[in-house]
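In what follows, a single structure is set out as structure tokens and then discussed.
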Amino acid sequence: MPELPEVETVKNELLPYVIRRQVTGLNLIWKGIAHQPPAAEFCSRLIGQTIKGITRRGKYLLFSLTGEEVLIIHLRMTGSLIVGHNSTEPPQYTRAIIHLDNNTNIFFRDPRKFGLMRLVKDENTIIGKLGPEPLDASFTPEILSQRLARRTAPIKALLCDQHLIAGIGNMYADETLFSAKINPLRSGGSLSSREISHLHQSIQKILRLAIINKGASVENYYRPDGTLGTAHFEFQVAHRLSGKSCPICGTNIERITVRNRGTYFCPHCQPEI
DNA sequence: CCCGGAACCTGAAGGC
DNA sequence: TGCCTTCAGGTTCCGG
């Protein structure tokens, strides 16, 4: 699942192929992937524009274009952007192909059709309400503390809330809470300042390590060159089946459901209350 | 505003 | 062998 470290990796590794390249064609194999505007208008507005750069905000990729428009791509759960040559056979489940003027194709592969593209004038209509970037210097323990204050929802759900903090999803929320030794069902407002400080440190440590490892390939995530990331080899609890043992204490990892999402934790290292 | 649950979607995996 | 059910989760919507 592409979360912040995976999207960051895609941004970094895709950039050299697309920067200052002109879009010469767009093949919408599955029209629904063009979410806004509709397919025909999407093509006419994108083709001919030159890509000035790529930035990331939360899990969103923002391609700045000449013509003062922004192409926003969200990979959701199973999306990948894979680079190929004009003559390359599209990977299975390719939903769109962006043709560039250097004989390069960008294949938007997405088995489950959750991913989407938008073309907008003002990116803030899409990303304006996102929470802080967890790796920015401005994201401090005090900011995290303010945002968790008086919240009664489970901390696991709050970490996955993009309006509270941007970029964390199911697997990194589990890894972060294990690292901070906090039970996923604790309410946000119940955390002590010491626990919040530890959580803040864990968020940055886990995300930075995953970026160094080029993201986690637990399901359908590929890097732009088609290879896999290695961050999942560092996982302590995420995506472990119930019954596997905690790497710290040996207790069996438990699986519970929080907000309809599979949640893995160690009941000994992350006790209730 | 806050919280929790369902819907969207389709391939993989497990049960019988 | 094959059909059926369940599971996976980022985001959005809806009801309380």
Side-chain angles (χ1 to χ4, degrees), chain A residues 1-11 28-36 56-62 72-81 91-96 108-118 120 123-131 133-134 146-177 184-191 207 210 215-222 229 231-232 235 237-243 253-265:
Chain A
M1 321 297 153
E3 301 178 26
L4 187 152
E6 290 73 31
V7 180
E8 178 71 13
T9 301
V10 171
K11 181 206 72 176
L28 295 175
I29 296 166
W30 178 64
K31 287 187 168 40
I33 201 162
H35 191 256
Q36 175 195 357
R56 179 193 59 73
R57 179 76 172 92
K59 303 172 190 170
Y60 291 86
L61 286 167
L62 310 169
I72 301 183
I73 293 183
H74 199 299
L75 301 172
R76 292 281 180 96
M77 286 152 46
T78 57
S80 299
L81 296 176
Q92 194 181 12
Y93 310 121
T94 294
R95 308 302 182 189
F108 194 158
R109 176 188 190 272
D110 186 18
R112 300 212 5 223
K113 297 183 174 176
F114 274 96
L116 47 88
M117 302 193 287
R118 291 187 175 98
V120 299
E123 64 196 37
N124 282 321
T125 58
I126 307 300
I127 62 168
K129 290 180 178 169
L130 290 177
E133 278 293 320
Q146 284 169 19
R147 301 184 78 87
L148 293 177
R150 292 173 296 282
R151 298 292 296 260
T152 61
I155 184 63
K156 165 70 186 278
L158 295 172
L159 285 178
C160 294
D161 180 349
Q162 303 303 297
H163 300 295
L164 193 136
I165 178 172
I168 298 175
N170 203 44
M171 59 190 181
Y172 290 109
D174 283 359
E175 286 302 302
T176 293
L177 289 170
L185 290 176
R186 291 277 303 281
S187 68
S190 75
L191 301 185
L207 294 179
S217 291
V218 293
E219 203 158 306
N220 282 281
Y221 163 73
Y222 294 95
H232 50 294
F235 284 176
V237 293
H239 288 263
R240 291 210 168 197
L241 297 175
S242 312
I253 298 299
E254 268 186 35
R255 181 192 182 277
I256 59 174
T257 298
V258 180
R259 282 290 293 260
N260 277 333
R261 296 293 175 253
T263 298
Y264 297 86
F265 72 106

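Chain letters run A, B, ... following the sequence lines, proteins first and then strands; every chain starts at 1. As the structure is a computational prediction, the values presented were derived from the model and not from experiment.
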Can you tell me how the ring of A:His74 sits relative to the ring of A:Tyr60, calling it parallel under 30°, perpendicular over 60° and tilted otherwise?
perpendicular

Counting only side-chain nitrogens and oxygens, does A:Lys59 get under 4.0 Å of the OP1 or OP2 atom of C:dT11?
yes

Any donor-acceptor pair under 3.5 Å between the side chain of A:Arg261 and the base of C:dG10?
yes

Side chain of A:Met77 (C-beta onward), nearest among B:dC3, C:dT11, C:dG10
C:dG10

Closer to the 5' end of DNA chain B via nearest nucleotide, is it A:Tyr93 or A:Arg76?
A:Arg76

Taking only the side-chain nitrogens and oxygens of A:His74, find out if one of them lies under 4.0 Å from OP1 or OP2 of C:dT11.
yes

In whole angstroms, the gap separating P of B:dG5 from CG of A:Asp161 amounts to 16 Å

In whole angstroms, how far is the C1' atom of C:dG10 from the CG atom of A:Leu4?
14 Å

Look at the side-chain N and O atoms of A:Gln162 and state whether any lies under 4.0 Å from the OP1 or OP2 oxygen of C:dG10.
no

Between A:Glu3 and A:Lys59 (salt bridge meaning N to carboxylate O under 4.0 Å), is one present in this structure?
no

So A:Asn260, base contact, sugar-phosphate only, or nothing? Heavy-atom distance under 4.0 Å.
base

Rounding to 0.5 Å, atoms CZ (A:Arg95) and OG1 (A:Thr78) come to a distance of 8.0 Å

With rounding to the nearest 0.5 Å, note down the distance linking CD1 in A:Ile72 to NE2 in A:His35.
12.0 Å

How far does NZ of A:Lys156 sit from CG of A:Leu185, to the nearest 0.5 angstrom?
9.5 Å

Length of the NE2-C1' vector between A:His232 and C:dG9, whole Å:
18 Å

5'-most contact on DNA chain B (nearest-nucleotide basis), A:Ala157 vs A:Trp30, goes to A:Ala157

Over how many whole Å does the gap from A:Leu164 atom CG to B:dC3 atom C1' extend?
13 Å

Could you check whether the side chain of A:Arg112 and the base of B:dG11 have a donor-acceptor pair of N or O atoms closer than 3.5 Å, going by distance alone?
no

Any side-chain N or O of A:Arg109 under 4.0 Å from OP1/OP2 of B:dG11?
no

Rounded interatomic separation in angstrom, taking CD from A:Glu3 and P from C:dT11
9 Å

Atom-to-atom span, CG of A:Leu185 to C1' of B:dC3 - whole angstrom:
14 Å

Using a 4.0 Å heavy-atom cut-off across all strands, classify A:Thr152 as base, sugar-phosphate, or nothing.
sugar-phosphate

Can you tell which of C:dA8, B:dC9, C:dT11 lies closest to the side chain of A:Phe114?
B:dC9

Among B:dG4, C:dG10, B:dC9, which is the nearest nucleotide to the side chain of A:Pro154?
B:dG4

On DNA chain C, compare the nucleotides closest to A:Arg118 and A:Asn170; which residue's is nearer the 5' end?
A:Asn170

Would A:Leu4 and A:Ile168 count as a side chain to side chain contact (heavy atoms under 4.5 Å, CB included) if you check the C-alpha gap in whole Å, the side-chain angles of each, and the deciding distance to 0.1 Å?
CA-CA 6 Å; A:Leu4 187 152; A:Ile168 298 175; over 6 Å; no

Let's see if you can work this out: which of C:dG9, B:dC9, C:dT11 has an atom nearest to the side-chain heavy atoms of A:Tyr60?
C:dT11

Rounded to the Å, how far apart are A:Ile33 CD1 and B:dT10 P?
12 Å

Distance check needed: C:dG10 P versus A:Asp174 CG, whole Å only.
10 Å

